[in-house]
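Input: a single structure, listed below in structure tokens.
In what follows, every chain begins at residue 1, and chains take the letters A, B, ... in the order their sequences are listed. Every value quoted in this text rests on a predicted model; they were computed, and no experiment measured them.
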Amino acid sequence: MANEEIASAFREIGRLLELKGESLFQVRAYGKAADRLVEAGDLAELIREGKLTDIPGIGKAMAEKIGYFMATGAIPQLEELRREIPQGVIDLAGLSGLGPGRVRKLRDEIGVESVEALEAAIQSGQAADIKGFGPKLLKNLRSGIDLWKRVRGLRLHMAGRREAEEIVSRALESGAPAAAPAGGIARGMETIDRVTVVIAIDEPAPLLNRLAAGLTGTDQTAETLCYTGRSELPIEIITVPPARFGGKLLLLTGSAAHLEQLKPIAETAGVELSGLSPARGDAPLEASNEAEAYQALGLPMIPPELREGRGEIEAAQQGRLPRLLESPDIRGLFHMHSTWSDGKATIEEMAEHAISLGLEYIGLADHSRSAGYAGGLSPDRLRAQSEEVARLNEKLAPFRIFHGIESDILAEGELDYEDELLGILDFVVASIHSRFGLEREAQTARLIRAVQNPHTTILGHSSGRLLLAREPYEFDSEAVWDAARTNDTVIELNAHEKRLDVDWRDIPAVRERHLLISIGPDAHDRRGLETLDMGIRIARKGWLTKEAVLNTMGRDEVTDWLGERKKRTTSA
DNA sequence: GCCGTTTTCGGCCCGACTGTTTTCAGTCG
């Protein structure tokens, strides 16, 4: 916990120093230190033993800050930087096309210190006077501002989920018989605007008081507690008597469309769905869990991820709800990075962690040579890595590491190594990391060429979207999925928090199991493996069953499958 | 700010793209 907190403080220091214009090497030093801290052991113990500086990237100055934080919970330098650099400036730096250099120009030359001020300065023509701010940049900034306005107040799912889970476990530890997140978190939405937690408890006051202790700006009633969480999301904690827990959760979880469609069905069953709680006549509906609540409406339990009013109610009535993918179905993962490129953990550490999660195999896919910024592997290093993987496979058997690469898709859709070298690998994830701005036709042709390459096993994070920060790139997805299907290329559902992909339910080939999906954690450290959970939620949201997912194959099945593909590649 | 060493400071990861400018600064992955 402390590791995470200090790492995030160091990252923030790095970002703020960059905005101040400090040396990029100093900025990077904080980033590196943060990475190492996440993978480091118990900091309190390291401090006692005076071994903090044994961590690579932690020197005298960093060790001092860590010690100070452990003792007081604060880092003075960070507090100072926060005072110096207003939030508006940090927002500015988040706009696409605005880095530290241009943000400094905006501040120094026309005194712009917020997105709103930038918008006004563009409007008035003032921004166009700055050297280097031409018409195209201004146009890009305008669309960046539009995106910023659209996503204001939204946060990534995981930020809210962590807070929700903490509240749930504190409630359960305090003896509440049940507690669960509701709303967008329960439905597996990629981004959310609030955290809602429902707690079943007869005497809420003591628990609410305990949860409110130490918080500021709380708004508390006899049954509820609201405040702004660490993620800056509004948090709503709502307590109900245990007998009404199911009904309340149902009401607070379904989307507006789902609840609207549910109303007439509830009415037929004699249940009123409006108001604060579902009611039967004058009395609140008795249901201690959601399954009982749906049962009272004459329906089977509908998984929260499906409650979007997109056909799930008819499916439930007709008994055709799919048996959605679940975490225990996942037997292995592809697409992970290691310290050989820009990962934070060694191959062995990643493998050991996967073993501890009960997985049978991982697919190692470090960056390819064109990704110089990420330490992409030269042909020689890729061969050397192959030997390392073989050594580890002997050591860790029967666990298996499949040796792959995340190959950049080059300008015209080519992969990043010669065929001969690709031939020594078990699999290839092909991903776009450059030229996001190509015209739709050119981008489509490029992607089709990549997925049709016989060496390509998986198309990585295919939308190019960065949630809350960047729109996806333009391409004809139908055409690309078709090309992928005919070449047996798997489409990755990237579980990396910031790169969740498209709505898979709309792709018939996936539903008909002609196109496999890979849950790719795109993990750069051990913690990245936990984003697997998010990938599963998004898959469930896309109505995916285990048959449509590559990662539900066992180790031997994957070995055979890759072997078959290899035969086809060499004979082609 | 860290590291390594040539003990006192220089090097630290890069290459392409974009939009601007007219030779390059800034951004991005």
Salt bridge check: are [X] and [Y] linked by an N-O gap of less than 4.0 Å?
| X | Y | result |
| --- | --- | --- |
| A/Lys32 | A/Asp35 | no |
| A/Arg485 | A/Asp482 | yes |
| A/Asp146 | A/Arg142 | no |
| A/Arg162 | A/Glu165 | no |
| A/Arg230 | A/Glu4 | no |
| A/Glu232 | A/Arg155 | yes |
| A/Arg15 | A/Glu18 | no |
| A/Lys131 | A/Glu109 | no |

Provide the distance between the two [atom1] atoms, one in [N] and one in [M], to the nearest whole Å.
| N | M | atom1 | result |
| --- | --- | --- | --- |
| B/dT5 | B/dC12 | P | 14 Å |
| B/dC28 | B/dT23 | P | 26 Å |
| B/dC13 | B/dT8 | P | 24 Å |
| B/dT6 | B/dG11 | C1' | 14 Å |
| B/dT20 | B/dG26 | P | 14 Å |
| B/dC14 | B/dC9 | P | 25 Å |

Discussion item. List the residues meeting salt bridge (charged side-chain N to carboxylate O under 4.0 Å, His left out) with A/Glu441, not counting sequence neighbours, and say none if there are none.
Written reply: none
Worksheet entry | With A/Lys136 via salt bridge (charged side-chain N to carboxylate O under 4.0 Å, His left out) - residues at least two apart | none
Whole angstroms only, please: what is the [atom1]-[atom2] distance between [X] and [N]?
| X | N | atom1 | atom2 | answer |
| --- | --- | --- | --- | --- |
| A/Asn140 | B/dT27 | CG | P | 13 Å |
| A/Glu18 | B/dG1 | CD | C1' | 15 Å |
| A/Ile409 | B/dA16 | CD1 | C1' | 17 Å |
| A/Leu377 | B/dC14 | CG | C1' | 15 Å |
| A/Leu19 | B/dG26 | CG | C1' | 14 Å |
| A/Ile66 | B/dG1 | CD1 | C1' | 12 Å |
| A/Leu95 | B/dG26 | CG | P | 18 Å |
| A/Met62 | B/dG1 | CE | C1' | 5 Å |

Discussion item. A quick test of your reading: do over 12 heavy atoms of other residues, nucleotides or ligands sit less than 6.0 Å from CD of A/Gln87?
Written reply: yes
Worksheet item: Across all strands shown, which nucleotide pairs with B/dT8 by Watson-Crick or G-U wobble geometry, both distances under 3.5 Å?
Response: none
Worksheet item: Are any side-chain N or O atoms of A/Ser341 and backbone N or O atoms of A/His367, one a donor and one an acceptor, separated by less than 3.5 Å?
Response: yes
Just checking, is any N or O donor in the side chain of [X] or [Y] under 3.5 Å from an acceptor N or O on the other one?
| X | Y | result |
| --- | --- | --- |
| A/Ser378 | A/Asp380 | no |
| A/Gln443 | A/Arg440 | no |
| A/Asp408 | A/Ser370 | no |

Discussion item. Looking only at the side chain of A/Gln77 (C-beta and beyond, no hydrogens), which of the listed nucleotides B/dG1, B/dT20, B/dC14 gets closest?
Written reply: B/dG1
Worksheet item: Nearest nucleotide by nearest heavy atom, which residue falls closer to the 5' end of DNA chain B, A/Ser96 or A/Gly375?
Response: A/Gly375
Looking at DNA chain B, which of [range] put a heavy atom within less than 4.0 Å of it?
| range | answer |
| --- | --- |
| residues 100-122 of chain A | A/Pro100, A/Gly101, A/Arg102 |
| residues 24-52 of chain A | A/Phe25, A/Gln26, A/Arg28, A/Ala29, A/Tyr30 |
| residues 123-132 of chain A | A/Gly132 |

Fill in: Base-contact (B) and sugar-phosphate-only (S) positions in nucleotides 3-11 of chain B, heavy-atom cut-off under 4.0 Å, - elsewhere
S--------
Discussion item. Regarding A/Ala61, tell me which of base, sugar-phosphate or nothing describes its non-hydrogen contacts under 4.0 Å with the strands shown.
Written reply: sugar-phosphate
